[in-house]
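Order of the sequence lines fixes the chain letters, A, B, ..., with proteins taken first and strands second; residue numbering starts at 1 for each chain. Not measured: the values here are computed from a predicted model.
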Amino acid sequence: MAQFMVIARGSLTAGMSPAEMQGVLEKYMAWTKGLAAQGKLDHGNKLQNGTGRVVGRKGGEKAAKPTITDGPFSETKEVIGGYWILNAADYDEAVKLVADSPHLAYGPLEVRAVDVI
Amino acid sequence: MSSHRRATPEQRVGPLVADLFRRASGRMVASLARRFGPQYLGLAEEAVQEALMRALQTWSFHGVPDKPEAWLFRVAVNRALDALRRETNAREKNNELLLGSDLMAAPHDFANDNVDDELAMIFMCCHPALPHASRLALTLKTVGGLSVEEIAAAFLSEPATIAQRLVRAKKQIRDQRLPLDVPRTDELAERLASVLDVLYLLFNEGYSAHGGDNLIRADLCAEAIRLTRLLLASPKTGQTQVHALLALMLFQAARLPARVGEGGDLLLLADQDRARWDDAMTAQAFGHFEKSMSGVKTAFHVEAAIASVHAAASSPAATDWPAIRDFYDELVVLKPSPVTALNRAVAIGMAEGAGQCLAALQPLLTEPALAEYHLLASAMAAMWAQAGNTAKAAHFYREALRKPCSAPERRFLQRQLQRVAAHHTGRE
């Protein structure tokens with residue numbers, strides 16, 4: 001079975017009440033619990049807020065030093081950023097697995113197959 | 001590949017305690033503000049909000065940690081210390097709050113360590129120096145963990161109004177240096193009375209929401225009961241009048257499941273299916289009522305006694321109305337108010353008949369405090385209907401419908417009006 005990385009980005013509304021925050025969390029928990037019960041979830045982790053870097057090299061191989069910029073995302077305090085590693089047969093199944101994710105209310109999910117050679 | 005922490009989701013994603021965020025929020029704000037000082041209440045609230053947000057962000061992917069509340073508290077403490085450093089850095093390098101502080105270590109038994117902090121917070125939020133409306137809002141916000149929007153919804157008020165009320169209250173706390181402590185013995189009686197008044201209002205607000213679509217805001221009732229229990233948990237505040245108040249709340253709350261019929265309509269005591277009353281809760285209520293007996297009799301005692309008579313009646317016909325009337329005679333002395341007088345008149349009506357009730361209601365019609373109170377007109381209407389005068393009854397039901405009341409109450413009044421109007425051609 002192949003593995004897929006599902007990268008989540010999005011933002012939550014600011015000023016949620018504690019009860020509302022717990023409500024959102026419970027939706028994510030119910031969803032991941034369902035995936036885990038089917039053996040489809042390997043693990044998940046949060047990514048740090050606002051600490052992304054984009055490393056590049058302007059001018060291709062001739063340039064002396066790589067350029068490092070912040071980003072790539074304009075992240076705010078209320079951002080939800082993280083990833084899950086899912087077990088799925090193919091993209092069709094992987095996409096089906098995330099189609100009912102509560103995260104879609106807050107932002108997109110990027111699904112990438114882990115290429116194992 | 002193995003350097004990241006691998007969670008096994010099946011194990012980590014356990015159930016979350018209901019209301020954990022809301023409850024933990026109140027406890028953490030109390031705990032932080034107690035340690036930093038009440039002038040840092042706003043800072044404590046922000047730190048707690050950030051900790052909850054961080055939990056939402058992290059736990060969504062990684063699952064819930066073993067000790068969620070300790071996790072939250074650790075993060076909140078760190079956020080608060082960071083904010084405090086930023087705030088005090090320019091002014092004083094060696095702030096005593098930041099030096100030698102034991103705050104870095106989260107309490108081992110978080111839930112139990114904080115009862116005292118929560119009690120102190122309740123007393124500060126209900127301080128007699130604060131305006132009444134602010135006490136309620138502040139208690140709900142700070143102890144209950146409700147948002148400004150939720151409080152505004154509960155009191156049918158604008159969020160901006162509530163927010164402004166809270167800002168003013170916090171400023172007053174800073175300016176007047178209101179203490180964040182359980183009061184000393186010599187002032188305990190007065191301060192406790194103020195707390196009990198707020199909890200009583202909170203419960204009543206939940207028990208009969210004064211407007212909107214929900215007849216009952218069960219969450220407000222539940223919060224009032226929880227805070228009253230909290231007072232009983234401490235020997236200093238676990239006094240007989242607190243038992244009486246809790247008994248009163250539990251007697252009433254036990255009837256909540258039967259109070260609303262299908263479609264959310266209000267059911268009168270006489271029309272309720274008593275099998276739906278919560279017997280276990282009624283039993284608890286009787287237990288607290290018994291414990292209240294040894295102390296000085298307060299209005300809470302008498303109100304609990306009235307509620308106990310209803311709870312003891314297996315059917316409406318079996319209700320001991322003369323006993324209830326006698327308790328109301330006591331209550332108008334202990335807690336003289338037009339609303340009490342109105343309820344006493346109704347009890348007189350049940351014990352002695354519609355004529356006596358109407359005689360007792362008559363002087364209340366000119367009472368300014370009841371001018372916008374739909375229950376007075378509705379009681380007049382019911383008594384005229386009972387006395388057989390459907391024209392008068394219809395007149396007063398129409399008058400009741402002109403006053404503010406909740407949507408289910410409005411539907412109830414309309415049904416009653418139709419019923420009496422059926423016996424009467426509609427002329428007055």
Side-chain angles (χ1 to χ4, degrees), chain A residues 3 5-50 75-87 101-107 109 114 116, chain B residues 1-29 45-46 48-64 68 72 76 79 140-142 144-154 159 163 219 223:
Chain A
Q3 289 205 316
M5 176 175 254
V6 179
I7 303 167
R9 301 187 184 100
S11 55
L12 298 160
T13 16
M16 275 194 288
S17 74
E20 287 167 334
M21 282 196 254
Q22 180 163 346
V24 173
L25 172 60
E26 279 168 357
K27 279 189 217 159
Y28 276 87
M29 284 168 57
W31 181 67
T32 46
K33 199 178 177 184
L35 289 176
Q38 304 168 57
K40 301 295 183 189
L41 178 63
D42 187 273
H43 73 281
N45 270 308
K46 174 187 182 297
L47 296 170
Q48 273 188 17
N49 294 342
E75 301 202 82
T76 63
K77 226 161 59 172
E78 282 76 40
V79 84
I80 281 208
Y83 70 88
W84 296 279
I85 299 288
L86 303 186
N87 304 312
S101 171
H103 179 80
L104 296 174
Y106 310 103
L109 291 168
V114 178
V116 185
Chain B
M1 188 60 199
S2 60
S3 61
H4 64 239
R5 286 185 299 150
R6 280 181 89 114
T8 38
E10 297 90 327
Q11 289 166 353
R12 298 206 70 119
V13 183
L16 210 52
V17 179
D19 281 341
L20 170 75
F21 273 35
R22 211 163 60 70
R23 295 281 152 76
S25 164
R27 283 201 279 262
M28 290 192 293
V29 169
E45 285 181 324
E46 273 162 41
V48 167
Q49 181 78 4
E50 283 176 35
L52 294 175
M53 185 50 94
R54 186 155 182 91
L56 167 54
Q57 293 174 325
T58 308
W59 301 355
S60 292
F61 293 97
H62 201 262
V64 178
L72 285 170
R79 291 295 162 111
L140 283 176
K141 175 77 165 59
T142 312
L146 267 67
S147 70
V148 169
E149 283 74 18
E150 286 164 343
I151 298 168
D219 48 344
E223 189 61 14

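- With a 4.5 angstrom heavy-atom cutoff, B:Ser60 touches chain A via backbone and side-chain atoms both.
- Under the side-chain contact (heavy atoms from CB on, under 4.5 Å) criterion, B:Thr142 pairs with B:Val29, B:Leu41, B:Glu45, B:Met121, B:Cys125, B:Leu138, sequence neighbours left out.
- Within a 6.0 Å sphere centred on CZ of B:Arg23, heavy atoms belonging to other residues, nucleotides or ligands number more than 12.
- Heavy-atom distances place both the backbone and the side chain of A:Gln22 under 4.5 Å from chain B.
- Remark: A:Tyr106 engages no residue in a ring-ring contact (aromatic ring centres under 6.0 Å, His included) (not counting sequence neighbours).
- The greatest number of non-hydrogen atom pairs below 4.5 Å with chain B, out of A:Ser17, A:Gly23, A:Ala19, A:Pro102, is found for A:Ser17.
- A donor-acceptor distance shorter than 3.5 angstrom exists from the side chain of A:Thr32 to the backbone of A:Met29, with no hydrogens or angles considered.
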